[in-house]
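Worksheet for the structure shown next.
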Amino acid sequence: MFPILTVMVALPAVGAAVLWALPSGARERVREIALGITVLELALAVALFVQFDTAAAGDIQFSETYSWIPQIGASWALGVNGIGLLMVVLAAILTPLAVLAGWWEDRDADRRTRYLALILLSEAFMVGIFAARDVFLFYVLFEAMLIPLYFLIGSFGGAQRRYAAVKFLLYSLVGGLIMLAGVVALYFQGPGGDEAFLTDNLTDLSMSTSTERLIFLAFFFAFAIKAPMVPVHTWLPTVAENARPGTTALLVAVLDKIGTFGMLTLCVALFPEAAAWAAPVIIVFAVISVVYGGLLAIGQRNMLRLVSFTSVSHFGIMVLGIFAFTQTSVEGAALYMFNHGLSTGALFFAVGFLIHRRGTADVTEYGGLQRVVPVFAGTFLVIGLSALALPGLSPFISEIMVLVGAFSVAKAAVIVSTFGVVLAALYVLLTYQKVFTGPVPEARASFRELTRRERVVLWPLIALMLVLGFLPGIAIDTLSDPAADIVATVPVEEAGQ
Amino acid sequence: MTFTTPEIAWAPLAPLMIVLGAAAAAILVESFVRAPERRRAVQLLLSLVALLAAAGTAVVQWATLDGAGTVVLADMVTVDRQALAWQVLILVFGVLGTLLFASRTRAGEEAFTPLGSVAPGSTEETLARRKGFQVTEVFPLALFAVGGMMLFTAVTDLIFLFVALEVFSLPLYILVALARRRRFLSHEGALKYFLLGAFSSAILLFGAAFLYGATGTTAYAGISAGIATAAGVDPLILAGAVMVIVGLLFKIGAVPFHSWTPDAYQGAPTPVTAFMGAATKAAATAALLRVVYEAFYGLEWELSWLIWIVAIASMLLGTVVALVQTDLKRMLAYSSVAHAGFILVAFAGFPDGALSALPFYLASYGLATMGAFAVISQVREKAEDGAVLGEATRLGQWAGLGRRSPLLAGAMALFLLSFAGIPLTAGFIGKFVAFAAAVSEGAWPLVLIAVIASAAAAFFYVRLIVLMFLTDVPEGQEDAVEIEFSPYARIVVLVTAALVILLGIVPGPVLSAFENAGVLLLGAAG
């Protein structure tokens, strides 16, 4: 069988190496090369999606297993079920758009080459992580991914970018190294042997309750940092403010999903009893994230920080959905992971375009743009409305599924989280008002309308959100079975809260 | 008293004999070959050939070893796969170190002083320098050190342990004192290293005497038998065991026996620091493994507290103090203290896994250390008049190095990431197998402390990466640093960088080789 997933990991990685290897003279066309590679990757992802058998969405498909380090039980094992499939597709959709969005960011060809090579390398890691079926491989990619990201944040961006990069790295490393202790401990609970780390070999382990809980916590901590949950979310606003909007779009829209993805496919699937044990506390933190993120978003003047806080809020809803353990809520959370990627990615790109024109992310520096750039304003409004989960746009479906699904088990949590939805309306509409309505200052009369390139970045995302808003079944079909499997592993507990 | 000549099986000792024989020959070369350039060439060639031949012999022995190994020299030395694995490792470090010793600056200046024995700044020194006087005694000294270390990994007798310790320590003390620049620092480092080293040797010897008093033998097997037969725990045995272990912990550089490391690392000529940092730690770890597993295994319960405390103290102190260093060599010295702690983590509970995990850990650590110091030796200060001075070891001087020399800075970043244990580098696999060994004996609290210390340690490694790649060269400092180009040092940097990546991505063959070596041949009790 054609090893499509390995090819999808290798293609951007090789692309990155090729870009680096290009001699300085031949670097004029790096953007076109990078775009070509990412579009090719997208084509592969579409092929993957088409080939995927939705009737067996709960099973691992496109499975490949090669021996890698048999001495410690690690294999190069890839494969996706419905959830992994959507995440791989999401990564493949957003990376070419990020390349396009940053088309004019660098004047210097060498600098541009480095940026694009790092973006390609990140894509390779993202696809690898979402497709990994081996805990060791997952961990290796999870940690190694920090290096391209660190340089993406630290070399390209705002004034405080070095500080942001180090903060990001240290937060991630603390989480990652604690997870390493969990990975090592898991090895000794498993069957051992040459394929000790295959996730298939690690489900249904019999461990003592306390061991299972400790290992669960080690994994969960790393994922909670990645999917920024209060109180370990503070790296995200700093990074968002200082990194390039294109970088942040990839980071929040795709990479942070590794956190929730890991919670679903590792934390809950491997340690169901510990997950059930920890769920009440995690739900409380999730609800705090929802409300706290929303409140802080309202108070932000910097649009990049604002969007990052909205994401903290949205990630709270996903975590709530995962740990409510009902079919609908888990399905909704998985769907939200995809939809939030589209919506937040578009939002960061759009804010990036604003900043590119005006040179600042400060919302008070804008105003009255609606009359100057009506198309931009309309586009921005639609994207903003998707963030506040307006019916008709896809995030609505997923958010409502989480809230409805979780209501039966965590009424109080859902009621409080609903305030988060109200807050979303506030921060989105207030921002729109400040930027696009009001009198037109003369200095801004020359503000440029969305260019064709920028439309190519934003409109496909909007179109996708509309399609999935009206026909969510396309995505839900791939998610129902994996969600059912996950829910089935968790021991049923009495409806609490 | 009758004295019977011991039966010596010479064949298993061949690698050792090659190295020590070459060292003796190198002394003659030093005296009889007069022309400096030719002498240098002969010394370099002799050292490299001897080390490579010894490594080849060791590998052949490893492949053809029948059974677990051979006991030679009447139970005092054991050549088994474990010993051969360590010996190959030390020989590799020896080859890389020799290449570094031979590297010279563009102006033909080497890292070593022409007259080690005269006072810094004296007339003789100035005259010797002006006349272009050169000595090449570093080569035989290093060969003796390598020979001593190789013996150190194979000894199974306390007397021999002491002899081997001195054989490799004495040349190292001298090597540390030979720096061409900053002679006072070099002398200070060497003196501290010597005094504390002599002190620790004495402690080790004292411990050996206790053990002899309690068990009537200095052979590991006999001590082990003595521990097994003693009713309860003999305080004399316990005190002796602790003292022997302390003597070895000093060589590993674990807290509280680490105080020589920053001064010796900083003062020594950088090629010596590289060799010493990589090889001494490996040799001392090998000796500690053997003495603990072959002689003191029965005292596991009584000794584990010592290992735990020293491991925790080393990780924490090494990490915290490294955070505030402003000198690169001192920073790496404290980082080596933290790594001594990680090494001891693998010891906790005396797991069998440590026998194969630690060779890999030391291989990855040693390669990164070699590479990092090789890079340091290439970054030089430049005076206003354009003269190239000593190494630029202040952290601030490395700002913007990524732009000046992407190759060196990139390699350095790789070594630092390997120290920090980031995946896809050898350091990660090393940490993984070391922690796995500890967890297999239930020492997970120690592993938890180790991962937290790793995260904190990452901060100072990353700080240097920030300086090199994300910081611009300060105004007016554009010409303050010169990148040297020594082909030998380049070879070392490239080889170590390639190995660090290779061992990080496909560690399988090396891991299974060391797994193969993870068995100790226990000598006959008696």
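Quick note on labels: first sequence line is chain A, next is B, and so on, each numbered from 1.
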Inset, instruction - Check each atom of B/Phe459 against the heavy atoms of chain A and say whether the ones under 4.5 Å are side chain, backbone, both or neither. - result: both
Inset, instruction - Let me know if A/Phe136 has heavy atoms under 4.5 Å from chain B in its side chain, its backbone, both or neither. - result: side chain
Legend entry - Residue among A/Leu169, A/Leu170, A/Val174 with most heavy-atom pairs under 4.5 Å to chain B: A/Leu170
Inset, instruction - Would you mind telling me which of B/Val447, B/Val433, B/Val466, B/Leu448 has the largest number of heavy-atom pairs within less than 4.5 Å of chain A? - result: B/Val466
Legend entry - Donor-acceptor contact present, side-chain A/Asp134 to main-chain A/Ala77, <3.5 Å: no
Inset, instruction - Sort out for me which of A/Tyr139, A/Tyr150, A/Tyr187, A/Trp68 touches chain B most, counting heavy-atom pairs under 4.5 Å. - result: A/Tyr150
Legend entry - Parallel, tilted or perpendicular, as decided by the 30° and 60° cut-offs, for the rings of B/Tyr461 and B/His339: tilted
Legend entry - Heavy-atom contact with chain B under 4.5 Å, split by part of A/Leu141: neither
Legend entry - No-hydrogen, no-angle side-chain donor-acceptor test under 3.5 Å, A/Ser155 and A/Arg111: no
Legend entry - Most contacts with chain A, counted as non-hydrogen pairs under 4.5 angstrom, among B/Ala456, B/Pro507, B/Ala458, B/Pro509: B/Pro507
Inset, instruction - Would you check, one step at a time, whether the test side-chain contact (heavy atoms from CB on, under 4.5 Å) holds for B/Ile452 with A/Leu177? - result: CA-CA 7 Å; B/Ile452 291 167; A/Leu177 284 164; over 6 Å; no
Legend entry - A/Asp108 bridged to A/Arg114 by N-O distance under 4.0 Å: no
Inset, instruction - Under 4.5 Å, counting heavy-atom pairs only, tell me which of A/Val140, A/Ile147, A/Leu173 racks up the most with chain B. - result: A/Val140
Legend entry - Partner residues of B/Arg394 under the salt bridge (charged side-chain N to carboxylate O under 4.0 Å, His left out) criterion, sequence neighbours left out: none
Legend entry - Side chain A/Arg162, main chain B/Leu467, donor-acceptor under 3.5 Å: no
Legend entry - Polar side-chain atom of B/Glu441 near backbone of B/Pro351 as donor-acceptor pair, under 3.5 Å: no
Legend entry - Residues of residues 410-428 of chain B near chain A, each having a heavy atom less than 4.5 Å away: B/Leu417, B/Ile422, B/Pro423, B/Leu424, B/Phe428
Inset, instruction - Could you check which of B/Ala436, B/Ser454, B/Ala450 has the highest count of heavy-atom pairs closer than 4.5 Å to chain A? - result: B/Ala436
Inset, instruction - For the residue pair B/Tyr293 and B/Phe347, categorise the inter-ring angle as parallel (less than 30°), tilted (30 to 60°) or perpendicular (more than 60°). - result: tilted
Legend entry - Ring geometry between A/Phe219 and A/Phe271 (parallel below 30°, tilted from 30 to 60°, perpendicular above 60°): tilted
